[in-house]
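Take a look at the structure set out below.
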Amino acid sequence: MDLELFGQLLPGAQRRQTLNLEGPLTVQDVTVLLGLDPAEVGLIVINGVQSEMEDRVPPDCRLCFFPPVSGGS
Amino acid sequence: MKLLRVDMDQLTVRWEQVPAVYERLGGRALTSRLLLEEIPPSCDALGRYNKLVLAPGLLGGAGVTTAGRLSVGAKSPLTGGVKEANAGGTAGDALGRLGIKAVVVEGQPEKGELYLLHVLGDSAQLLPAAYLRGLGTYATSDRLRAEHGAECTVLSIGQAGEYLLTGADIACTGEGDQHSNHAARGGLGAVMGSKGLKAIVIGKADARSVPLAEPDLFRAAARRFAQELINDPKLGPKGGTHLYGTAAITAAVNEMGSLPTRNFGSGSFEGAATLRGEQMRETILARGGQIGTRCMPGCVIACRNLYVDKAGNPIVGTLQYETIALLGANLGLDSLDDVARLNYLCNDLGLDTIETGAALGVAIEAGHAKFGDLESIAGLLRQVGEGTVLGRLIGCGAVATGQALGVRRVPVVLGQAMPGYDPRSLKGNGVTYATSPMGADHTAGNAFGARKEVNPLGVQGQRELSLKLQIISAMLDSTGLCLFARPPVIADPQLMVDMINGIYGWGWTKEDLDRFNRDVLRTELEFNRRAGITAADYRIPQYMREEPLAPHGATFDVPDSELDAVFDGL
């Protein structure tokens, strides 16, 4: 899976990674593997679709983690 | 509190007691109600019977953080309906501290005359302003600050407003040497131009705050409100809005396939990486610009920036998401330097960057410039100031440009250009565009980031979500709060009730506040109904129901019956 982190999730972490993960995983599982604090994740997008922590992660997807965001001006 | 009436027929000003019907209104609630009460809804928006109303919110002048926005209202020459656009800067706070509930500009002078309204303490006068003719908003505010003092607030129009171009906006100065906070949407700069009013100068008030009916209640609530904003993970000192400005969302909107790209031809831009907030922050800091500054006195969010060139010279402040979307990705530009230069041109001409970005996208589709080519695009924009026929069309917005150039793909609702969220892949915003009395307007009820509520690509739940957001927006716009400051007052509306009661002693309940918010929408819907606007006028353009948007292949498929039922719950 292709993984990308944005904004305040970046310092100390790698922006883009390609991971080969086995087994059915949820987004929550991936945050644990990456050492991310779920409370600091505001928006999850899998293949362009807004997702949630409990959603399953397809094996060959693009998974993006954003910090909390709100509509622009 | 008092009302300042400015009669442009007779060139006189007069103070009056606030009529009872307006006493418990502020900001958007006041501007919209006054228009419903005092102007014929079917009048010519650029004629003598329209009125331009400027009003601080209910919290204006009380020193509440983020609550200094100024509402500007009039019948819109773009939508044909009621319009409110609000701006940061120091005007809302200054009028509030002066005890001015609203400035109402009425009538029209002899054609071609230009005036300046000067408000200083309890006095106000109209002064000839022919010497400001043809100046952009930067030069106008510089000149007026030199004449009236660096601490005054200046509201002004640029050439676009003078030409009565319907994409024109109103610029408002802020703290220090800030020039460019804009009441941007709906062509209100053209209304100000039609009144022969080039600028308004407001002297700094002596009062530290408005009188408080219940000081302890107010101070406790205002302090808690500020603290909760500071504690909010989105808005506090470690939050994305502070660190990256509104551009914090560029990457997320692109990832979700909703970033307007090449005249809303795609929802995903291959050059988005160089437009995102992290890139902007790194560039600004490396060049010696400013990040995390305020547009309003005392704002604890501080999302403003000053974008500078490679030599560290200011280009524009502040560079915002909507501008990046409409003048960047929508025009195929992947350089923040390019966007900043177009942004400066728009600000100086006094043009809404959203409307103008959409119009430029339409003009490019018609072959008058090239996507991704700054010089050809800037050339079109400069024509606005030169007053050429094509320039004036672009300055009149996306509809005028599309009609004149024979382009069918025009991203508007109710005559007003869509902001930076394609409604095919963010359908909640589509529902807001297609139902708000304000037309396509992201500040009227923005569904972006409504996590765990409704699938942005789905139909279900969008109607309820949009209504909820529109009611919240009515409250924010009527109290003078920045839309980013909504989390604490959504989580606990009593906080807003306490701040209002602390200032005015009205003894409101949460139910009173909810009724107040809903009445704003009812008033505006009634104005538009009387103006002859029908459900058909609010529809999303047909091509967006037919043309799938990459990358999701989504169309706007919320049924009309759902749209027509949005306000059933009002």
Side-chain angles (χ1 to χ4, degrees), chain A residues 1-19 21 24-73, chain B residues 88 184 232-235 238-241 243-258 267-268 273 276-278 281 303 318 320-325 419-421 425-426 429 442-443 445-452 454-457 469 482-484 486-487 550-552:
Chain A
M1 112 189 30
D2 286 330
L3 184 93
E4 189 162 0
L5 306 179
F6 293 86
Q8 305 95 294
L9 301 176
L10 267 175
Q14 197 177 332
R15 175 183 282 281
R16 301 189 74 151
Q17 302 176 49
T18 301
L19 302 176
L21 299 174
L25 293 173
T26 64
V27 175
Q28 175 94 39
D29 297 331
V30 178
T31 63
V32 171
L33 286 169
L34 293 170
L36 290 173
D37 178 355
E40 293 180 356
V41 175
L43 177 67
I44 302 149
V45 181
I46 301 175
N47 291 336
V49 177
Q50 191 169 343
S51 304
E52 303 297 342
M53 280 290 178
E54 57 274 20
D55 288 341
R56 286 288 174 88
V57 182
D60 294 319
C61 71
R62 173 171 163 75
L63 171 60
C64 297
F65 289 105
F66 295 89
V69 289
S70 68
S73 187
Chain B
D232 188 289
K234 294 191 287 284
L235 308 171
K238 294 180 180 173
T241 306
L243 294 172
Y244 307 111
T246 61
I249 67 170
T250 307
V253 179
N254 185 62
E255 196 66 33
M256 292 168 64
S258 197
S268 178
R276 60 193 176 199
E278 297 107 298
R281 179 182 172 83
C303 67
T318 180
Q320 300 220 57
Y321 168 72
E322 304 296 338
T323 300
I324 291 170
Y421 315 84
S425 50
L426 189 54
N429 276 25
H442 63 293
T443 65
N446 193 343
F448 176 78
R451 191 182 175 212
K452 291 184 178 170
V454 178
N455 173 10
L457 289 161
L469 294 167
C482 167
L483 66 87
F484 292 117
R486 61 192 181 270
H552 296 299

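Order of the sequence lines fixes the chain letters, A, B, ..., with proteins taken first and strands second; residue numbering starts at 1 for each chain.
Neither the backbone nor the side chain of A:E40 comes within contact range of chain B; no heavy atoms are under 4.5 Å apart. Looking at A:V45, only its side chain comes within 4.5 Å of chain B, counting heavy atoms on both sides. At a 4.5 Å heavy-atom cutoff, the contact between A:F6 and chain B is made by backbone and side-chain atoms alike. Both the backbone and the side chain of B:E255 come within contact range of chain A, judged by heavy atoms closer than 4.5 Å. Proximity to chain A (any heavy atom under 4.5 Å) is restricted, for B:R276, to the side chain, taken from C-beta onward.
Listed options B:P456, B:A248, B:G257, B:C482 were ranked by heavy-atom pairs under 4.5 angstrom with chain A; first place goes to B:P456.
Closest non-hydrogen pair, B:L243 versus A:Q8, comes out as CD1-CG, 3.5 Å.
Atom CG of A:L43 is separated from atom NZ of B:K234 by 11.0 Å, given to the nearest 0.5 angstrom.
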Inset, instruction - Begin with the C-alpha distance, continue with both residues' side-chain angles, and end with the deciding distance and a verdict on side-chain contact (heavy atoms from CB on, under 4.5 Å) for B:M256 and A:Q50. - result: CA-CA 7 Å; B:M256 292 168 64; A:Q50 191 169 343; 3.3 Å; yes

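Environment of CG in A:D60: sparse, with no more than 12 heavy atoms of neighbouring residues, nucleotides or ligands closer than 6.0 Å.
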